[in-house]
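These notes are about the structure you will find just below.
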Amino acid sequence: MQSIIEISGYGFRKRTCTDVASWFLNQFLPRHKLYVEIVHHGLKREGAYGYCDIAGESYRPREFLIELDTYMNQELYIKTLLHELVHLRQWVTGSLRAKRGKRYYNSVNVEDIEYWHQPHEIEAREQEVILYQQYMNAINTVPVHKVAQCFPNRLLNAL
C-alpha cells in the first residue's frame, strides 16, 4: 500500500517536504494507505510552526491535514514536519483520539492540560529530535541505487 502526499502553499522546499514525509510514512506506517495534505502558509499570527489534524472520519482516521509555517530554516522545518507526523502516527495507531469533541491521549482527556504538559505533545517534542537524527543519517548514507526504495515519491529522472 502506498500513501498519497499532496503538497501546496508557498515559500517551502517541495523536495524536502516530500522526502521527509515519504521517509516517515515508509518507516513507521508502511502498511497504511493514508492521504496526507501538507499546506504551507504563514502561521505567525497563530504563534505556531505547524498543526496536524484529521480531515475525514474521526474513527480510524486515514485522511490528514498538516499545516506548516512557510518561514522556517531547514532544520526547524524538518523537525516541525516530523513533530506533526508523530501526531499523525498517534492518530493512526489510536493513541490520540477524538471523542465527543474532546481529545484523548491514551484515554486521558488532554483538553484541560496546558499545551506544554499535554502527553502527546511531550512525546512529539521528544520524537522530533530523535527522528531528525535518524532522517539525517538516512539521507546521508543512502546509496544512489537505493534512493527509490527510501523515497518512492521522488522522481529519479536526474539519475
Side-chain angles (χ1 to χ4, degrees), residues 2-30 32-58 60-99 101-106 108-140 150-154:
Q2 182 144 354
S3 296
I4 297 170
I5 303 167
E6 187 174 307
I7 302 167
S8 65
Y10 59 89
F12 65 97
R13 299 168 189 88
K14 186 171 185 172
R15 178 179 242 166
T16 300
C17 184
T18 302
D19 286 353
V20 172
S22 297
W23 173 81
F24 183 90
L25 294 174
N26 289 329
Q27 287 287 355
F28 301 102
L29 298 166
H32 293 86
K33 186 175 182 181
L34 306 172
Y35 174 80
V36 183
E37 182 179 3
I38 303 173
V39 178
H40 300 81
H41 57 93
L43 292 176
K44 193 173 187 177
R45 286 186 211 156
E46 287 87 350
Y49 292 120
Y51 296 104
C52 175
D53 209 350
I54 52 177
E57 297 283 326
S58 63
R60 294 176 49 97
R62 296 297 182 257
E63 296 177 16
F64 299 90
L65 172 64
I66 293 176
E67 296 178 74
L68 295 173
D69 186 58
T70 298
Y71 307 105
M72 292 185 271
N73 66 45
Q74 179 140 339
E75 181 178 340
L76 180 58
Y77 177 83
I78 293 170
K79 285 180 178 178
T80 301
L81 178 54
L82 289 167
H83 178 105
E84 300 311 327
L85 289 166
V86 168
H87 289 315
L88 183 146
R89 180 174 64 189
Q90 292 168 338
W91 284 109
V92 170
T93 61
S95 60
L96 188 59
R97 294 179 183 260
K99 291 184 202 173
K102 296 186 180 197
R103 285 198 180 162
Y104 292 84
Y105 179 75
N106 292 332
V108 175
N109 180 353
V110 298
E111 296 290 317
D112 298 327
I113 302 173
E114 184 183 333
Y115 171 81
W116 289 101
H117 300 293
Q118 292 176 350
H120 66 291
E121 291 296 342
I122 293 169
E123 178 187 14
R125 283 193 302 275
E126 291 170 353
Q127 287 293 306
E128 75 184 42
V129 175
I130 295 165
L131 293 170
Y132 177 76
Q133 285 302 317
Q134 289 177 359
Y135 173 74
M136 295 309 289
N137 289 339
I139 64 169
N140 291 323
C150 294
F151 306 106
N153 291 347
R154 181 188 287 180

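Side-chain atoms are counted along with the backbone in the values below, which use heavy atoms only and exclude waters and symmetry mates. All values reported here derive from a predicted model rather than from experimental measurement.
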So which heavy atom on [X] is nearest to which on [Y], and how close?
X      : Y      : result
Ala21  : Ile38  : CB-CD1, 4.1 Å
Pro61  : Ile54  : CB-CG2, 3.3 Å
Cys17  : Tyr77  : CB-OH, 3.0 Å
Val108 : Ile113 : CG1-CD1, 4.3 Å

How would you list, by chain and number, every residue that makes a side-chain contact (heavy atoms from CB on, under 4.5 Å) with [X], sequence neighbours excluded?
X      : result
Thr70  : Tyr10, His40
Tyr104 : Lys99, Lys102, Asn109
Arg62  : His32, Leu34, Arg60, Val92
Gln27  : Trp23

With rounding to the nearest 0.5 Å, note down the distance linking [atom1] in [X] to [atom2] in [Y].
X      : Y      : atom1 : atom2 : value
Ile130 : Gln127 : CD1   : CD    : 4.5 Å
Tyr132 : Leu81  : OH    : CG    : 12.5 Å
Leu25  : Ile4   : CG    : CD1   : 11.5 Å
Tyr105 : His87  : OH    : NE2   : 10.0 Å
Thr16  : Asp19  : OG1   : CG    : 6.5 Å
Lys33  : Glu63  : NZ    : CD    : 11.0 Å

Measure the shortest side-chain to side-chain distance between [X] and [Y] over non-hydrogen atoms and say whether it is less than 4.5 angstrom.
X      : Y      : answer
Asp69  : Thr80  : no
Ile66  : Leu85  : yes
Ile122 : Arg125 : yes
Leu29  : Arg89  : yes
Tyr71  : Lys44  : no
His83  : Glu121 : yes

Margin query: Any donor-acceptor pair under 3.5 Å linking the side-chain atoms of Glu123 with those of His120?
Written below: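 His120 vs Glu123: no donor-acceptor pair found between side chains.
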* Asked: Between Tyr51 and Glu46, is any side-chain donor less than 3.5 angstrom from a side-chain acceptor?
  ->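 There is no such pair between these side chains.
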**Study point:** Counterpart residues, ring pair (Phe, Tyr, Trp, His ring centres under 6.0 Å), relative to Phe24 (two or more places apart)
**Key:**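 Expected list: Phe28.
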(Q) Counting only heavy atoms not in Arg97 (residues, nucleotides, ligands), do more than 12 fall under 6.0 Å from its CZ? (A)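 No, because the 6.0 Å sphere around CZ of Arg97 holds 12 heavy atoms or fewer from other groups.
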>> Using a 6.0 Å cut-off, check whether atom CD of Glu57 has over 12 heavy atoms from anything other than its own residue.
In response: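 No, CD of Glu57 has 12 or fewer neighbouring heavy atoms, counting only those of other groups under 6.0 Å.
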With sequence neighbours excluded, residues passing side-chain hydrogen bond (donor to acceptor under 3.5 Å, both in side chains) with Asp53: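 side-chain hydrogen bond (donor to acceptor under 3.5 Å, both in side chains) list for Asp53, sorted by chain: Arg103.
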